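Each remark here refers to the structure printed beneath this line.
Numbered from 1 within each chain, the chains take letters A, B, ... in sequence-line order. Everything numeric here is computed off the predicted structure, so don't read it as measured data.
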Protein chains: 2
Amino acid sequence: MSSDRVGSLVAWLRDRGERVTTARRALLTALDQAGDHRSADELAEAVSREHPEVHRATIYRTLETLRRLEVVEHTHLGHGPAVYHLAGEVHQHLVCEECGAIQEVPASVLGDLEADLERDFGFRLNSRHFAVVGRCRHCRHGPGDGIVEDRRG
Amino acid sequence: MSSDRVGSLVAWLRDRGERVTTARRALLTALDQAGDHRSADELAEAVSREHPEVHRATIYRTLETLRRLEVVEHTHLGHGPAVYHLAGEVHQHLVCEECGAIQEVPASVLGDLEADLERDFGFRLNSRHFAVVGRCRHCRHGPGDGIVEDRRG
DNA sequence: TTCGATGCAAATAGTTTGCATTCTA
DNA sequence: TAGAATGCAAACTATTTGCATCGAA
């Protein structure tokens with residue numbers, strides 16, 4: 001997948017007049033190697049293996065810059081930190097609020113909803129911003145069946 | 001709407017063997033009066049108007065207890081704090097990531113998605129846990145149209 | 001050489017926890 | 001009167017910001 005994706009992103013940034021720094025290149029590399037979603041902390045750790053001087057604050061600032069440039073996107077999975085991935089890595093997550101299992105599903109599951117919201121409310125869904133939360137195959141038990149569970153949603 | 005909903009919730013708690021304290025009654029009252037969603041902080045402030053001694057930590061602990069008992073639910077709207085409401089007040093929110101506008105829509109908009117996820121993945125959607133994020137009628141401009149915006153999603 | 005990006009430290013927001021005390025059942 | 005709930009303070013996690021310095025263009 002990474003037939004020098006980092007290289008072309010770097011070139012693209014330069015074209016835009018954005019500065020290409022060690023931290024930015026390293027963060028893009030970490031995002032590219034991650035493949036899927038990573039928290040800012042995980043990215044900071046990955047970057048610091050090669051470049052220990054890169055500060056966590058820089059990770060956050062750079063992620064924000066890349067978000068503004070629409071190079072990265074982030075998602076909130078349950079209660080933890082936000083997770084980031086390169087834009088274009090389109091996937092949707094079903095997060096089980098009971099056991100925490102995350103299942104990736106084709107983004108097309110939201111296609112109808114997207115069309116409905118656009119048609120009925122003029123609302124353009126950002127389908128990747130939030131995870132879809134619920135209960136997975138193994139953890140579901142009927143709502144209102146009196147079973148009370150103990151975990152965070 | 002509040003034909004003594006607080007009273008019956010209190011009775012229900014007592015039936016369950018849960019203790020009924022000033023803080024709990026006050027929090028239920030605040031949730032009931034709020035009608036829609038409120039952050040823990042907003043609830044703490046509302047409660048403290050009548051009961052200044054109730055500490056924010058108690059608000060959080062009580063909300064967690066009520067969540068476990070399925071009396072309250074919470075939702076994450078964008079980046080801010082979680083917001084809480086009494087279970088049964090079913091509504092869905094479209095949150096604009098550009099201007100922050102929140103539009104309430106009938107929960108039925110997610111009906112098809114709910115059915116699809118159940119059928120295809122055995123996944124039971126908790127449709128109220130996360131807001132639906134995107135861009136409202138006034139703020140949308142085509143994705144990939146080169147317009148880069150500056151706000152958080 | 002200039003101005004944006006960085007490192008560091010400190011601040012902030014939201015939430016959780018340990019512990020002694022209070023109060024419900 | 002036993003043990004759950006509370007108040008308080010302090011810790012904790014995730015994230016942001018001010019400021020002096022550094023470095024890409």
Subject >> Where Asp32(A) and Leu86(A) come nearest, the two heavy atoms and their spacing >> reply: CA-CD1, 3.9 Å
Original post:
Which angle, to the nearest 10 degrees, lies between the helix axes at the two ends of the helix from dT1(C)-dA25(D) to dA25(C)-dT1(D), each defined by five pairs?
Top reply: 40°
Original post:
Is atom CD of Glu53(B) surrounded by more than 12 heavy atoms (other residues, nucleotides or ligands) closer than 6.0 Å?
Top reply: yes
Original post:
Nearest heavy-atom pair of Arg5(A) and Ala87(A): which atoms, and what distance?
Top reply: NH1-O, 4.3 Å
**OP:** Could you go through the side chain to side chain contact (heavy atoms under 4.5 Å, CB included) check for Leu94(A) and Val109(A) one step at a time?
**Re:** CA-CA 11 Å; Leu94(A) 306 184; Val109(A) 294; 5.7 Å; no
**OP:** Please work out if Thr62(A) contacts a base, only the sugar-phosphate, or nothing of the nucleic acid, heavy-atom cut-off 4.0 Å.
**Re:** sugar-phosphate
Original post:
Checking all strands, does Arg14(B) fall into the base, sugar-phosphate, or nothing category for heavy-atom contacts under 4.0 angstrom?
Top reply: sugar-phosphate
**OP:** Send over the distance from Arg56(B) CZ to dA11(D) P, rounded to a whole Å.
**Re:** 18 Å
**OP:** Quick one: closest heavy-atom pair of Val6(B) and Leu28(B), and the distance?
**Re:** CG2-O, 3.9 Å
Subject >> salt_bridge(Glu64(B), Arg61(B)) N-O dist < 4.0 Å >> reply: no
Original post:
Nearest-Å distance, CG (Leu13(B)) to C1' (dA5(D))?
Top reply: 13 Å
Original post:
Which class fits the ring pair His79(A) and His76(B): parallel under 30°, tilted 30 to 60°, perpendicular over 60°?
Top reply: perpendicular
Original post:
Considering only dT15(C), dG18(D), dA25(C), which nucleotide approaches the side chain of Arg61(A) most closely?
Top reply: dG18(D)
Original post:
When you check the gap from the basic side-chain N to the acidic O, do Arg49(B) and Glu45(B) get nearer than 4.0 Å?
Top reply: yes
**OP:** Taking the side chain as every heavy atom from C-beta outward, state whether Asp112(A) and Leu113(B) have any pair of such atoms under 4.5 Å apart.
**Re:** no
Original post:
Please give, in whole Å, the distance from dT15(D) P to Ile59(A) CD1?
Top reply: 12 Å
**OP:** Nearest whole angstrom, please: distance from the C1' of dA25(C) to the CZ of Arg16(B).
**Re:** 18 Å
Subject >> Distance in angstrom units between His79(B) NE2 and dT15(D) P, rounded >> reply: 9 Å
Subject >> Shortest non-hydrogen separation from His85(A) to His37(A) and the atoms involved >> reply: CB-CA, 4.4 Å
Original post:
Contact class for Ala82(A) (heavy atom, under 4.0 Å): base, sugar-phosphate, or nothing?
Top reply: sugar-phosphate
Might you list the N or O atoms of the protein lying below 3.5 Å from N or O atoms in nucleotides 20-23 of chain D, with each pair's distance?
{"unit_1": "dG23(D)", "atom_1": "N2", "unit_2": "Arg19(A)", "atom_2": "NH1", "d": "2.7"}

**OP:** Return the 5'-most residue of the pair Tyr84(B), His55(A) with respect to DNA chain C, ranking by each residue's nearest nucleotide.
**Re:** His55(A)
Original post:
For Leu69(A) and Trp12(A), which heavy atoms make the closest approach, and how far apart are they?
Top reply: O-CH2, 3.6 Å
Subject >> Strand-adjacent residues in residues 21-29 of chain B, judged by heavy atoms under 4.0 Å from DNA chain C >> reply: none
Original post:
Want to settle it: does Tyr60(B) or Glu18(B) sit nearer the 5' end of DNA chain C, counting the closest nucleotide to each?
Top reply: Tyr60(B)
**OP:** Compare every heavy atom of Ala30(B) with every heavy atom of Val47(B), then report the nearest pair and how far apart it is.
**Re:** CG2-CB, 4.0 Å
Subject >> Distance in angstrom units between Arg68(B) CZ and dA4(D) P, rounded >> reply: 12 Å
**OP:** Describe the nucleic acid contact of Ser39(A) in one word from base, sugar-phosphate, nothing, applying a heavy-atom distance below 4.0 Å.
**Re:** nothing
Subject >> Separation of atom CD in Glu45(B) from atom P in dG14(C), rounded to whole Å >> reply: 13 Å
Original post:
In whole angstrom, what separates His74(A)'s NE2 from dA14(D)'s C1'?
Top reply: 12 Å
